[in-house]
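Here's the structure, in structure tokens; my notes come after.
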Number of protein chains: 4
Amino acid sequence: MPENVKTPDPARRSERSRQAILTAATELVSEVGYQKLTIEGVASRAGVGKQTIYRWWPDKGAVVLDAYLALTNADAGLSFPTSDDLEADLKIVLQSTVGQLADDSFARFYRSLLTAIQNDEKLSQQLNERLMGPWLEATKERLRVAGIADVDLDAAVDMFYGSFYYRWLLRTGPLTSEYCDSVIALLLRALRP
Amino acid sequence: MPENVKTPDPARRSERSRQAILTAATELVSEVGYQKLTIEGVASRAGVGKQTIYRWWPDKGAVVLDAYLALTNADAGLSFPTSDDLEADLKIVLQSTVGQLADDSFARFYRSLLTAIQNDEKLSQQLNERLMGPWLEATKERLRVAGIADVDLDAAVDMFYGSFYYRWLLRTGPLTSEYCDSVIALLLRALRP
Amino acid sequence: MPENVKTPDPARRSERSRQAILTAATELVSEVGYQKLTIEGVASRAGVGKQTIYRWWPDKGAVVLDAYLALTNADAGLSFPTSDDLEADLKIVLQSTVGQLADDSFARFYRSLLTAIQNDEKLSQQLNERLMGPWLEATKERLRVAGIADVDLDAAVDMFYGSFYYRWLLRTGPLTSEYCDSVIALLLRALRP
Amino acid sequence: MPENVKTPDPARRSERSRQAILTAATELVSEVGYQKLTIEGVASRAGVGKQTIYRWWPDKGAVVLDAYLALTNADAGLSFPTSDDLEADLKIVLQSTVGQLADDSFARFYRSLLTAIQNDEKLSQQLNERLMGPWLEATKERLRVAGIADVDLDAAVDMFYGSFYYRWLLRTGPLTSEYCDSVIALLLRALRP
DNA sequence: AGGTAACCGAGACGGTACGTCCCGTCTTCTC
DNA sequence: GAGAAGACGGGACGTACCGTCTCGGTTACCT
């Protein structure tokens, strides 16, 4: 099975260029959105040749994902809160999410990412492995710790986060603090025995 | 107040062209997806001048939405089931949704639509007014009829549908029949007093 | 034999664009030479989309040829001089050629054309049909009128013009007035019985 | 006066690489022509780093010239024939030239070389010094030996060779044996008193 | 004999131009 | 006046090479 694809040598990769590209992508996706973001635009702002982007990423979706991961990993320690009050912990998580999405720049970025995913299963997998998956698992673990059992936890966390994503992606309503409370209240009623 | 915008006369509009365009758009969005769908491609397949499309729709998002509406309205009778068994009715609705999304062609179409609205608030509004809104309202009404009260129904229906959209859009898991059951079970536990 | 090639409709061709392209090409070939002339450069200077060039010409060689033809046809009435003094007529022609080639801008243009020809037989044919051929024929006719016979006129005119092209293209020596005289003297000795 | 230009040490030059480069260039110029020949292509086929080419040659024109010289020097003994029959000697030379140009591979190579010198005066000078000049001088000497005098020999040899180059470069006609005879006949008539 | 400087292969880099695909507008001609 | 057709100025695509620049590795000279 002869590999015809020229695979560049990661050892020789320019860290400076990589950073510049991710930064430029981050800025541009916030400024103009995913659809209007162009590889040429990223290359130009990063002061980089287009080929340097195409050498390391297959398409703009991959660049945007990497840019997002670089951004969130920078924020780093995103662990699920673990007090002894489940309701309070859930509220913290939702409010924090709502807070982030209220930032227009971040919102545009995140929306772009989810848009990109729709046409690229590989990208979607990566996002799940490196971001959504761990987070969903952490959420389920928090529920288990709270003594929740005899319940399909996967469905539970999907309802928990899904309600928010649904509202936000389809723009069927605003993400208010009251909405957080309602969702949490309903969830807890569903989970309590 | 002179209107500068050239508003074409809808009376003279060619129904034949309109149909051809919507059909072409429907086919193409299923075949190549939203991103790779082009106005020129639609015009060409529809045997129509590009101007005819630009005259009646502002952009490809609008065409795709119209194509989708034409498709679902054709199926017509989309009313929420109203037996005396709420659980059964909810199951019917979810299973039917799951069934539709299992059709690759439809799934690509629907995914395209949701992609399109991410970058176009006007489109999003239209979709909500003409499709999502009425359906959400019908769902809430069905719950009210079942005697559900003292509960934030908006949050409830968001959790109901959101769980599915979340799984499907983020591809965090498969949409199985068991998953439907789990979601409905949780929802009913949350709604029952 | 189905023609798959999209042949644009010449009737709809924009004369304004055609002129702008030929003018831009003429200027650029004089300024930077053939090798460094780019389609993008021509399009940009002409205020024209690249596609408009690619629609009507197969490559930059064809554009340069057309530009050259437009230039010389503009000068128009290029007919071989016909006095009753053959030597004088030949001298007029050579001196005029030498004069043109002394103009750096024209020289670069002409050199470009001959360069382009070397890698494109079709181009070469066109040049011969529309420029070199008629001119060689006119030269031969002038010799016939002067009563030259029993001689291979094709070889004679090739020696006449070839000597100049040879010097000029290979840069083996300067094109002086004395050189003209020498060539003509030799040619006449070869032709006189 | 400090020399800023990095002059590599010729003593350390790799003869193996030099040969490989010239061979690769020779092959490629015959295969794809001068315009489509690339430094990267030569380096790749020669199994050589690009820098090794740029270290020893200023541009691809210089490489092609060197490749040509290596080729012809290999054939070596290029001395003008000197029998006591001038006409026969001239015929030998022309026929040999025609023979070479009939070889498509050589023809493409030679055409490339002449194309290259059009945009590079330095290259042109080198070609004249090392190839054309000596040969023209040898031709003139042969004519002198034959007792030709009172004639501009420079013009004579230009007409001799020029006729052929003219036909060949402009492709105004085929290079046949009869054409050789015609040119020689005319030349001799011009030179004989 | 060991150190070191230069050449070498490889190929990543910032760029320019390629030739193609569409965009949204404009123009022409037909029905 | 709507519609089919498609040319137009323009922007971006993804690719091919440019000429420069590191990066080990391998010579070949010089202490």
Side-chain angles (χ1 to χ4, degrees), chain A residues 6-14 16-17 20 36-44 46-56 58-60, chain B residues 6 8-14 16-18 20 36-41 43-44 46-56 58-60, chain C residues 6-14 16-18 20 36-44 46-56 58-60, chain D residues 6-14 16-17 20 36-44 46-56 58-60:
Chain A
K6 296 170 205 159
T7 37
D9 179 358
R12 297 195 180 259
R13 182 168 188 178
S14 160
R16 148 189 272 278
S17 295
K36 294 192 180 176
L37 173 143
T38 67
I39 296 281
E40 262 182 12
V42 174
S44 161
V48 140
K50 280 200 285 179
Q51 198 58 47
T52 301
I53 300 184
Y54 285 113
R55 190 161 17 236
W56 303 109
D59 49 48
K60 73 174 179 177
Chain B
K6 297 169 207 160
D9 179 359
R12 289 188 173 248
R13 182 169 189 178
S14 157
R16 147 191 272 279
S17 294
R18 196 183 136 272
K36 294 192 179 176
L37 173 143
T38 65
I39 296 283
E40 280 194 352
S44 162
V48 140
K50 282 200 287 178
Q51 198 58 34
T52 303
I53 299 183
Y54 284 112
R55 184 152 29 229
W56 302 110
D59 50 47
K60 74 172 177 177
Chain C
K6 296 170 204 159
T7 38
D9 179 358
R12 298 196 180 255
R13 183 169 188 177
S14 160
R16 149 190 270 278
S17 294
R18 199 184 133 269
K36 294 192 180 176
L37 174 143
T38 66
I39 296 282
E40 262 182 10
V42 173
S44 161
V48 139
K50 279 200 287 180
Q51 198 58 45
T52 301
I53 300 185
Y54 284 112
R55 189 161 17 236
W56 302 110
D59 50 49
K60 74 173 177 176
Chain D
K6 296 169 207 160
T7 37
D9 180 357
R12 287 183 174 251
R13 182 170 189 178
S14 159
R16 148 190 272 279
S17 294
K36 294 192 179 176
L37 174 142
T38 65
I39 296 283
E40 281 195 352
V42 174
S44 162
V48 140
K50 282 199 286 178
Q51 196 62 15
T52 303
I53 298 183
Y54 284 112
R55 185 155 28 229
W56 303 109
D59 50 46
K60 76 172 177 177

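Hydrogens, waters and symmetry mates are skipped; everything else that's a heavy atom, side chains included, is used. Residue numbers begin at 1 in each chain, while the letters A, B, ... track the order of the sequences.
- A distance of 5.0 Å separates CZ of R55(B) from OG1 of T52(B), quoted to the nearest 0.5 Å.
- For dA2(F), the OP1/OP2 oxygens have no side-chain nitrogen or oxygen of S14(B) closer than 4.0 Å.
- Nearer the 5' end of DNA chain F, as judged by each residue's closest nucleotide, is the contact made by G47(C), out of L37(A) and G47(C).
- Residue contacts shown for G41(B) are absent, as no nucleic acid heavy atom lies under 4.0 Å away.
- Between E40(C) atom CD and dG9(F) atom C1' the separation is 14 Å, expressed in whole Å.
- Put simply, CD1 on I53(A) is 12 Å from P on dG15(E), counting in whole angstrom units.
- If you take CD on Q51(C) and CD1 on I53(C), they are separated by 10.0 Å, rounding to the nearest 0.5 Å.
- You'll find the side chain of W56(C) reaches within 4.5 Å of the side chain of R13(C), heavy atoms only.
- Residue R12(B) has its side chain nearest to dA2(F) when only dG3(F), dG9(F), dA2(F) are considered.
- The distance from atom NZ of K36(B) to atom C1' of dC22(E) is 14 Å, rounded to the nearest whole Å.
- Ranked by how close their nearest DNA chain F nucleotide is to the 5' end, V48(B) and P8(C) are led by V48(B).
- Counting to the nearest Å, the C1' atom of dC17(F) and the CZ atom of R55(A) are 12 Å from each other.
- Put simply, T52(A) has a side-chain N or O that comes within less than 4.0 Å of OP1 or OP2 on dG14(E).
- Between the C1' atom of dT27(F) and the CG atom of D9(D) lies a distance of 13 Å, rounded to the nearest Å.
- Residues W56(D) and K60(B) both approach DNA chain E. Their nearest nucleotides, taken by heavy-atom distance, put W56(D) toward the 5′ side.
- Comparing dC23(F), dG24(E), dC18(E) by their nearest atom to the side chain of Y54(B) picks out dG24(E).
- K50(A) places its NZ atom 16 Å from the P atom of dC17(F), with the value rounded to the nearest Å.
- In this structure, CD of Q51(A) is placed 17 Å from P of dC18(E), rounded to the nearest angstrom.
- Here dG19(E) presents its P atom at 8 Å from CG of D59(C), a figure rounded to the nearest Å.
- Contact check for T38(B) versus K60(B): no side-chain heavy atoms found under the 4.5 Å cut-off.
- Counting all heavy atoms, side chain and backbone alike, A20(B) lies closest to A46(B) at O-CB, 3.5 Å.
- For dA4(F), one of the phosphate oxygens OP1 or OP2 lies less than 4.0 angstrom from a side-chain nitrogen or oxygen of S17(B).
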